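Note that these values count all heavy atoms, side chains included, but never hydrogens, waters or copies made by symmetry. Please read these numbers as outputs of a predicted model, since none were measured by experiment.
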Amino acid sequence: MDRRILKRPLYHIAGRLSKLLKNFQKFQDEKLKMKADNKWDTLFNGNESFVFTYNTIKVNLYKDSVLSRIIYEGFEKAEIDYVSSNLKEGDIFIDVGANIGLFSLIASKIVGEEGKVICFEPSPITYFRLKENVDLNGFKNIDCRNIGLSDAPKELTFYISNKGYDAWNSFAPSQDDKLNDKIKVPVSTLEIQLNTINKELIRLVKIDVEGWEKFVLNGGSQFFVDYKPIVMVEFTEENTFNAGYSVYDIYDIMQNWGYVWYRIVNGKMIEEIKQMRYPYVNLIAIKP
């Protein structure tokens, strides 16, 4: 061994070893990612989409969609399990921000012919894929509406991605480069959209609208005050900041309407005390 190495401080040698280990780990991670990417690409067999069977439903997954890959790898299983266990035949399920329809399809199977699913998706491209998935399964109880929801009927700018991040499309501008285009879309309110529906049968409402949750809730305030649907809402502080309000506003709104917040932990419902941070989580509001 070179005697000069022996004279080096131990901390210098330890630092070199740490750097080598980090570089090796980075190399291993890149290899695993490349392997996963190759596996994902082979699923399409040269096509733009393939049919993926999720439990008993079929879903078209798309090569250009990050969400499609996340669904394939296992998407919000705890939330899906919760929805599945809390719906029954004859219920109505409301899906605000349906994207390609995973939750709507699962709910459709459960509520059956006597029940109904009403889903909202403002992006024209994503809406087409949503309809494609409904038709793929032959479901007749899903009412797909190509419209956004807010606190008043109007036209809004909708920020969209042409780079695969369609699940991040939002009425709030993004601070990163995910949303690289924008379009104008019509929006309505939950109150208006439910005016011909028997609200007593609405069992569960899912709201995942990338920061626009507060405005969706305010557009259905009377419905939530008068009825007792379970409400599943995405809490992502970055998205609500982009929309000009605090994520705590969502918590307070539902609490003021008599709801109690819960978090799913290992399959169990734990009452949610307001946290300091909400990077990303789906919480469930239940009215006693």
Side-chain angles (χ1 to χ4, degrees), residues 67 70-71 73-88 91-99 102-104 106-107 110 117-120 149-151 167-168 170-172 174-175 189-191 194 199 202-288:
L67 178 62
I70 295 172
I71 289 172
E73 293 173 349
F75 175 68
E76 296 188 344
K77 186 179 184 303
E79 290 83 354
I80 289 171
D81 287 347
Y82 180 83
V83 169
S84 300
S85 62
N86 281 275
L87 287 175
K88 63 182 186 302
D91 283 342
I92 296 177
F93 174 69
I94 308 297
D95 191 353
V96 186
N99 203 270
L102 180 62
F103 277 87
S104 288
I106 291 167
I110 297 168
V117 173
I118 305 172
C119 55
F120 301 88
L149 293 183
S150 189
D151 55 355
W168 285 261
S170 176
F171 291 113
S174 174
Q175 299 303 311
T189 69
L190 197 57
E191 293 287 355
L194 299 181
K199 299 179 186 67
I202 298 175
R203 170 67 174 165
L204 204 154
V205 180
K206 166 190 157 279
I207 305 174
D208 181 356
V209 286
E210 302 305 305
W212 216 248
E213 289 80 10
K214 173 184 175 180
F215 305 105
V216 173
L217 290 170
N218 284 338
S221 57
Q222 201 60 51
F223 162 62
F224 292 113
V225 169
D226 292 343
Y227 299 87
K228 297 182 179 182
I230 299 169
V231 188
M232 179 184 289
V233 186
E234 181 182 274
F235 275 55
T236 304
E237 58 191 23
E238 181 182 355
N239 292 341
T240 62
F241 176 79
N242 291 341
Y245 69 94
S246 167
V247 71
Y248 303 132
D249 292 355
I250 303 172
Y251 189 103
D252 294 340
I253 286 169
M254 297 300 285
Q255 191 175 65
N256 290 338
W257 291 342
Y259 279 83
V260 178
W261 284 105
Y262 294 88
R263 181 189 293 253
I264 305 171
V265 180
N266 297 324
K268 296 180 180 179
M269 297 288 284
I270 306 298
E271 187 171 339
E272 177 74 3
I273 306 303
K274 192 186 292 185
Q275 303 295 312
M276 290 292 293
R277 294 286 312 280
Y278 281 104
Y280 165 75
V281 67
N282 288 299
L283 297 182
I284 295 165
I286 298 175
K287 201 168 188 177

Side-chain touch [X]/[Y], heavy atoms, less than 4.5 angstrom:
{"X": "F103", "Y": "D208", "result": "no"}
{"X": "W212", "Y": "L149", "result": "no"}
{"X": "L67", "Y": "N99", "result": "yes"}
{"X": "Q275", "Y": "Y251", "result": "no"}
{"X": "V260", "Y": "I286", "result": "no"}
{"X": "E210", "Y": "E234", "result": "yes"}
{"X": "V216", "Y": "F120", "result": "no"}

Output the distance between atom [atom1] ([X]) and atom [atom2] ([Y]), rounded to the nearest 0.5 Å.
{"X": "I202", "Y": "L190", "atom1": "CD1", "atom2": "CG", "answer": "7.0 Å"}
{"X": "Q175", "Y": "N242", "atom1": "CD", "atom2": "CG", "answer": "4.5 Å"}
{"X": "D81", "Y": "E76", "atom1": "CG", "atom2": "CD", "answer": "11.5 Å"}
{"X": "I80", "Y": "I71", "atom1": "CD1", "atom2": "CD1", "answer": "8.0 Å"}
{"X": "F235", "Y": "E213", "atom1": "CZ", "atom2": "CD", "answer": "8.5 Å"}
{"X": "I264", "Y": "I284", "atom1": "CD1", "atom2": "CD1", "answer": "3.5 Å"}

Note to self: What verdict does the side chain to side chain contact (heavy atoms under 4.5 Å, CB included) test give for I230 and Y82, after you've listed the backbone C-alpha separation in whole Å, the side-chain angles of each residue and the deciding distance to 0.1 Å?
What the structure shows: CA-CA 11 Å; I230 299 169; Y82 180 83; 3.7 Å; yes
Checklist line | Verdict with reasoning, S221 to W257, per side chain to side chain donor-acceptor pair (under 3.5 Å) | finding: CA-CA 8 Å; S221 57; W257 291 342; 5.9 Å; no
Which atom names give the shortest non-hydrogen contact between [X] and [Y], and what distance separates them?
{"X": "I273", "Y": "Y278", "answer": "O-OH, 3.9 Å"}
{"X": "F223", "Y": "K199", "answer": "CD1-CD, 3.7 Å"}
{"X": "L204", "Y": "N86", "answer": "CD1-CB, 4.3 Å"}
{"X": "A107", "Y": "F93", "answer": "CB-CD2, 3.4 Å"}
{"X": "I110", "Y": "S84", "answer": "CD1-CA, 3.4 Å"}
{"X": "G258", "Y": "P288", "answer": "O-CD, 3.2 Å"}

Do side-chain atoms of [X] reach the backbone of [Y] as a donor and acceptor pair under 3.5 angstrom?
{"X": "Y248", "Y": "M276", "value": "yes"}
{"X": "W261", "Y": "L283", "value": "no"}
{"X": "R203", "Y": "K88", "value": "no"}
{"X": "K214", "Y": "S246", "value": "no"}
{"X": "K206", "Y": "G97", "value": "yes"}

Next item on the list: Answer yes or no: does atom CD of E272 have more than 12 heavy-atom neighbours from other residues, nucleotides or ligands under 6.0 Å?
Entry: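 Count over threshold, so yes.
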Check: Hey, would you say the Y245 and F215 ring centroids sit under 6.0 Å apart?
Finding: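 Between F215 and Y245, which both carry aromatic rings, the centre distance is below 6.0 Å.
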Note to self: side chain to side chain donor-acceptor pair (under 3.5 Å) for T189 and E191? Distances and angles first, verdict last.
What the structure shows: CA-CA 5 Å; T189 69; E191 293 287 355; over 6 Å; no
Next item on the list: Take F224 and L217, measure what side chain to side chain contact (heavy atoms under 4.5 Å, CB included) needs, and give me the verdict at the end.
Entry: CA-CA 8 Å; F224 292 113; L217 290 170; 3.9 Å; yes
